[in-house]
Every structure is written in C-alpha cells, then in structure tokens.
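Some notes on the structure that comes next.
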Amino acid sequence: MNLQVEQMHPLVLNVGLAIHNADWNWKNVNSPFTRLYYITEGTAQIELPDGIHTLYPHHMYFIPSFTVHTNICDSHFEHYYLHIYEDHYSEDDWLEHWKFPLEIEASPLDLSLFQRLCEINPHMNLQKSDPTTYDNNPTLMRNLLRNRQRAFCDKVESRGIVLQLLSHFLKYAQPKNEMEDNRIAKAVRYIHKHIAEEIELEKLAEISCLSKDHFIRLFKKGMGTTPLQYVNQKKIEKAQLLLLTEELAVKEIAFRLAFEDYSYFNRLFKKVTGMTPQEYRRLYSH
C-alpha cells in the first residue's frame, strides 16, 4: 500500500484518565472518531460486532470510528482514553485502509506517552464519560476548534505522540484486501476525497461497477441512507468545520463545496443542523 506519512493528519479530540466503579456501561456507542485505550487498573468488557472482549491492564485497545460497541463494567476500572479525528484537510481517511488489531500488549513507554499527552492537553479531558454528552456534532466541532487554538508547540508534540501510539498498532495492522466486495466502500472513499466537488450519482455507480439502481439499493443497505443524503451530510459536516475554523464568508464556503445555489445551501444546512450557517457560526465559534 503506497501510504505516505505526510498523508497522516490525526487530531486529538479528547484525552484523559477515566476512573470508574461499575459505571462504565454505555450501549450502542457509534462515533465518527477512533478511540485508543490504555488500561491501568481493573478489567471491563467491550461488545463489538464479533463478540465480547475483556480489557486487561497494561494493554492498549483500538476502536475504529463508526464501530458500534457496548461498554460493560461491574467493578473498579481505570483507563486512559484518546479520541482521534482525521484532519479535514486530508483527502482520504488513511485509518480506513487498515485492519487494526483490537488489542496489543503495552509498554511503559506507552503509559508515559499517554501521561504526557494529558499533561500538555489539560483542557481536552472529558467532563463526563457518558458518550451522549460529548459524542455529538456540536461538541465534535468545538473540540476541533479547541485543537486548532492550542499553542503550536503543543500541536507538534501531540501529533508526534499520537503517531507513536498509532505506530505500535500499525506494526500488527494488515492492509484491507482490495479484492473483498468493497464496492460501497470505494464509493464512500470517492465521496470523502471529492467532497469539495459536484458528485454525480452516475459516477459513484460507475466506480462501484454497478448499475445506478443496484448501487442505490446496496448503498442504502450498507450505509443506512441514500447516496444523495450521505453526500449532503458530509458536505454540511465540512461546511460546519469551515465555519468554525476558517474566516470565510458563508457564500465562499458554499462555493468551495460546489453549491452553485446559495439559497439551496442555506436550506440544506438548516435542515441538517436546525439553524442557518450564520446562526451556527455565532453559536459555536465562541
């Protein structure tokens, strides 16, 4: 796989130490970011699509983004957590190209890396462990904005630490087999890479080697939404991020995302977020 380190732009959303006493129990968690755990004391379990796994001390765990999982804990349990999001300047999410191991044995260095990451990012810890309090789009956007407002030296050091931690998982990761039936995955990757362009349904069906009708059926079955709805959702997510991280006029943002009709962009944005772009920027940019 021709992957370059320059393509890797992981951002820290949250990092901290969580201490639980039989209260780390959350059902059907499904997040747009990747989770890394370092277990320090006690044990807990996590239910993934392939079954229930026990989390042990002095091991690290990798939970990919958009992986539905349930946390199970009936005793004392302590762990460091790290939530990683792929920078929106990236054309593709490189994490999606690999099958990472769920569990690897950790080293004292890994613990030191988590501790240092917490030390230089004291304001990025979670106030509550309940995913419903932080696993939502407004909070995601605020965390991304907070990431960009940190001192440059802390950004550099944080990225270096995250890459070190990920490298230990990459040592045992396997490239995803392109011979698998990943036709819809190819379409999704195309959407992410070309989100700033006009994306035609016919083109998505073509790169998936499917007829248009068959592609729509398979896409909705695999993604739970239609191709058009998915494209619009991703464009509005990108617009939300640009509204908070770039000093661009709303019309310029609409143009950058290939919306020729500014009124339609405004209507779509309000339909997805419940507010206009201007209202969104005023509410979440402070």
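Being a predicted model, the structure only gives us computed values, none of them experimental.
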| query | Quick one: does L36's side chain get under 4.5 Å of L166's, heavy atoms only? | reply | yes
| field | Residue E198 excluded, over 12 heavy atoms near CD under 6.0 Å | value | no
| query | Taking the six-membered ring for Trp, is the centroid-to-centroid distance between H83 and Y134 below 6.0 Å? | reply | yes
| request: Compute the ring centroids of Y37 and W24, then answer whether they are less than 6.0 Å apart. | output: yes
| task | Compare all side-chain heavy atoms of L102 with those of H53 and state whether any distance is below 4.5 angstrom. | result | yes
| request: Return yes if a side-chain donor-acceptor contact under 3.5 Å exists between D213 and S211, otherwise no. | output: no
| field | Residue K155 excluded, over 12 heavy atoms near NZ under 6.0 Å | value | yes
| task | Output the distance between atom CD1 (I104) and atom NZ (K171), rounded to the nearest 0.5 Å. | result | 9.0 Å
| request: For the pair Y230 and F219, name the ring-plane relationship: parallel under 30°, tilted 30 to 60°, perpendicular over 60°. | output: perpendicular
| More than 12 non-hydrogen atoms from neighbouring residues, nucleotides or ligands closer than 6.0 Å to CZ on R150, yes or no? | yes
| Beyond-backbone contact of I161 with R116, side-chain heavy atoms, under 4.5 angstrom | yes
| task | Please lay out, stage by stage, how E103 and Y56 fare under the test side chain to side chain contact (heavy atoms under 4.5 Å, CB included). | result | CA-CA 9 Å; E103 175 190 70; Y56 295 102; 3.9 Å; yes
| task | Answer yes or no: is there a side-chain heavy-atom contact under 4.5 Å between T34 and F100? | result | no
| Ring geometry between F265 and F259 (parallel below 30°, tilted from 30 to 60°, perpendicular above 60°) | tilted
| task | Please check if any side-chain donor atom of E119 sits under 3.5 Å from a side-chain acceptor atom of Q115, or the reverse. | result | no
| said: For a 4.5 angstrom cut-off between non-hydrogen side-chain atoms, does L13 reach M124? | reply: no
| field | Heavy-atom side-chain contact between V272 and N232 under 4.5 Å | value | no
| query | With side chains defined as the heavy atoms from C-beta onward, is the minimum distance between L11 and R159 less than 4.5 Å? | reply | yes
| message | Within the structure provided, determine whether T54 and I46 are in side-chain contact (heavy-atom separation under 4.5 Å). | response | no
| In terms of side-chain heavy atoms, does S107 have a donor or acceptor partner in D110 at a distance below 3.5 Å? | yes
